[in-house]
Amino acid sequence: MGEHFLPGLDLGAALGTLRQPSAWIELAVALSCLGISWVLVRLMRGAQAPERSIWFGRKIVDGVLFPVLALVLAYAAKRLLIAMAVPVAVFKIVLPVLISFAIIRLSVRVLHAAFPESKLVKVAERTISWIAWLAMVAWITGVLPLLLEELDQIHWKLGGSNVSMRTLLEGALSAGFVLVLALWVSAAVEDRLLRGATGEQLSLRKVAANAVRAVLVFLGLLLALSAVGIDLTALSVLGGAIGVGLGFGLQKLAANYVSGFVILAERSLRIGDMVKVDNFEGRITDIATRYTVIRALNGREAIVPNEMLITQRVENSSLADPRVLVSTMVQVGYGTDLDVCMPALIAVVAGVPRVMADPGPVVQLSNFAADGLELTINFWILDPENGQGGVRSDVNLAIWKYLQAQGIEVPYPQRVVHQA
């Protein structure tokens with residue numbers, strides 16, 4: 001019977017072997033494996049790590065490739081030492097440490113790539129680290145095999161099969177590993193699809209990336225349930241229950257998901273468009289499967305359910321013509337010569353930055369007000385994403401300076417009180 005990758009460790013015998021001179025040879029070989037792995041990763045990575053890479057991290061040792069290479073080299077070195085009849089003790093400790101390190105780095109890097117903005121990744125990282133290192137210590141000390149044997153004694157009848165605590169534990173670990181692999185593949189596919197995409201391509205690739213992630217996670221969940229020992233034919237009942245739930249309690253959630261795919265597929269709204277929804281105006285920064293994020297010019301963000309974008313009116317300033325008409329108003333005294341004032345105001349407004357020359361500004365006599373002549377100034381801008389308040393303020397300031405320079409009166413309300 002061949003030797004396993006990680007045979008059971010007799011702690012007493014291992015400590016006795018560590019006192020022999022061959023332990024120093026093992027230690028030197030193990031350090032050499034780490035050094036060779038570091039050099040290989042450094043050569044493959046280059047001076048700077050690729051952004052959101054799983055194999056390479058910001059440092060040499062915080063990617064997945066370093067512990068994997070070190071593990072492969074250490075295992076090969078162990079086999080070589082055994083073939084040379086050298087007693088092995090150090091490598092019986094080094095291999096579990098490297099396996100734990102590789103599991104931690106793989107899980108953490110995949111979670112960071114799949115959920116880059118989630119605050120729960122830090123909590124998951126600490127949890128995975130504690131579990132992996134405790135399992136490694138329990139294996140080295142010989143506690144883990146005993147614990148697994150005791151867990152195997154705790155079992156009960158579940159349907160037509162006999163389930164033990166050990167089976168559930170091993171199934172949960174297998175399920176976690178399968179889901180991590182599914183997230184890894186989906187994150188790699190999403191990064192490849194979204195790389196260099198802009199405008200309409202970004203929207204289409206975003207829906208493709210969301211669909212790929214959903215399918216891979218669903219398949220990973222099925223494999224994970226199969227690994228736990230759950231009969232997948234029993235999911236037909238669960239599927240029926242989910243269908244009933246979607247028809248009643250989850251219909252809004254399902255409508256938002258369907259609306260998200262419709263928006264991305266028909267490209268009526270795109271990432272980067274300036275829109276106004278329910279009196280909230282801003283730029284679309286992300287279109288997820290359930291909601292759309294709209295960022296206003298003042299920095300506030302609104303999370304709008306996708307169903308609202310389908311069923312309600314949405315004003316899109318970027319869909320066809322980005323030109324936007326902006327208006328302002330000023331009153332002048334009744335004694336003002338409008339034949340001179342109105343053309344001059346057109347020239348003043350046309351000189352303001354961001355005001356378009358074609359079509360140019362227009363000044364209209366809109367009302368005979370109680371205190372003066374009301375003039376409405378209309379002008380066009382080509383960059384509504386930069387807001388309208390700033391350009392309107394610049395136009396008002398230019399008008400005010402012109403009126404002050406020409407001595408044209410800007411009347412203010414006057415009221416006369418007559419006493420009986």
Side-chain angles (χ1 to χ4, degrees), residues 268-270 272-285 292 294-302 304 308-309 311-420:
S268 57
L269 296 175
R270 299 162 297 183
D273 285 356
M274 286 292 299
V275 298
K276 184 176 181 180
V277 183
D278 195 22
N279 294 326
F280 188 89
E281 185 174 4
R283 178 188 292 275
I284 296 178
T285 59
T292 296
I294 302 176
R295 181 179 178 85
L297 297 178
N298 58 7
R300 296 176 61 192
E301 288 187 340
V304 181
M308 181 180 294
L309 302 177
T311 58
Q312 295 189 10
R313 188 185 72 175
V314 178
E315 298 180 16
N316 192 340
S317 303
S318 307
L319 186 59
D321 192 348
R323 295 181 301 178
V324 174
L325 179 66
V326 184
S327 299
T328 187
M329 186 271 294
V330 66
Q331 283 190 6
V332 296
Y334 275 100
T336 304
D337 187 355
L338 296 184
D339 293 334
V340 176
C341 180
M342 293 174 66
L345 288 178
I346 292 176
V348 168
V349 174
V352 176
R354 294 182 59 194
V355 175
M356 295 183 60
D358 185 20
V362 176
V363 178
Q364 299 171 336
L365 177 59
S366 55
N367 191 19
F368 295 97
D371 302 304
L373 300 172
E374 185 176 290
L375 302 178
T376 300
I377 298 95
N378 298 317
F379 56 93
W380 294 83
I381 61 174
L382 194 59
D383 52 350
E385 67 274 6
N386 294 325
Q388 301 178 14
V391 67
R392 183 181 286 111
S393 175
D394 293 340
V395 168
N396 289 335
L397 184 59
I399 293 173
W400 172 255
K401 289 181 179 179
Y402 167 76
L403 296 178
Q404 290 288 97
Q406 299 298 320
I408 298 176
E409 176 190 6
V410 179
Y412 55 89
Q414 299 182 8
R415 300 291 181 265
V416 178
V417 179
H418 297 278
Q419 293 182 352

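As a basis for the values below, the full set of heavy atoms in this structure was taken, side chains included, without hydrogen atoms, waters or symmetry mates.
You'll find the side chain of Val277 reaches within 4.5 Å of the side chain of Leu309, heavy atoms only. Annotation: side chain of Cys341 is in contact with side chain of Ile408 (closest heavy-atom distance under 4.5 Å). Taking the side chain as every heavy atom from C-beta outward, Ile377 and Ser327 never approach each other to under 4.5 Å. Within the 4.5 Å cutoff, side-chain heavy atoms of Phe368 are placed close to those of Leu373. The shortest side-chain heavy-atom distance between Thr285 and Ile294 does not fall under the 4.5 Å cut-off. Residues Val275 and Ile284 meet the side-chain proximity criterion, which asks for heavy atoms closer than 4.5 Å. Between Arg323 and Met356, the closest side-chain pair of non-hydrogen atoms falls below 4.5 Å.
Taking both residues in full, the closest heavy atoms of Val391 and Pro353 are given as CG2-O, 4.0 Å, listed atom of the first, atom of the second, then distance. For the pair Trp380 and Gly360, the tightest heavy-atom approach, listed with the atom from each and the gap, is CD1-O, 4.4 Å. Residues Val362 and Gln364 come closest through the heavy atom pair CG1-CG, 3.8 Å. Summarising the geometry of Gly372 relative to Pro411, their closest heavy-atom pair is CA-CG, 4.0 Å, with the distance given to 0.1 Å.
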Worksheet entry | From CA spacing to verdict: side chain to side chain contact (heavy atoms under 4.5 Å, CB included), Thr292, Leu269 | CA-CA 10 Å; Thr292 296; Leu269 296 175; 5.9 Å; no
Practice prompt. Check the pair Val326 / Asn378 against side chain to side chain contact (heavy atoms under 4.5 Å, CB included), numbers first and verdict last.
Written response: CA-CA 6 Å; Val326 184; Asn378 298 317; over 6 Å; no
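Between Ile381 atom CD1 and Gln388 atom CD the span is 5.0 Å, to the nearest 0.5 Å. For the atom pair CG (Leu345) and CG (Leu375), the distance works out to 6.5 Å, reported to the nearest 0.5 Å. Here the CZ-CZ distance, from Arg354 to Phe379, works out to 9.0 Å after rounding to the nearest 0.5 Å. Rounded to the nearest 0.5 angstrom, Asp278 CG and Glu315 CD are separated by 11.5 Å.
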Less than 3.5 Å apart, which donor and acceptor atoms pair up between the side chains of residues 329-337 and the rest of the protein, not counting sequence neighbours?
from, atom 1, to, atom 2, distance (Å)
Tyr334, OH, Ala369, O, 2.4
Thr336, OG1, Gly333, O, 2.9
Asp337, OD1, Asp339, N, 3.2

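Here Asn396 pairs with Thr328 under the side-chain hydrogen bond (donor to acceptor under 3.5 Å, both in side chains) rule; sequence neighbours left out. Scored by the side-chain contact (heavy atoms from CB on, under 4.5 Å) test, Pro343 finds no partners at all (sequence neighbours excluded).
A salt bridge does not link Asp273 with Arg283: none of the charged nitrogens is closer than 4.0 Å to a carboxylate oxygen.
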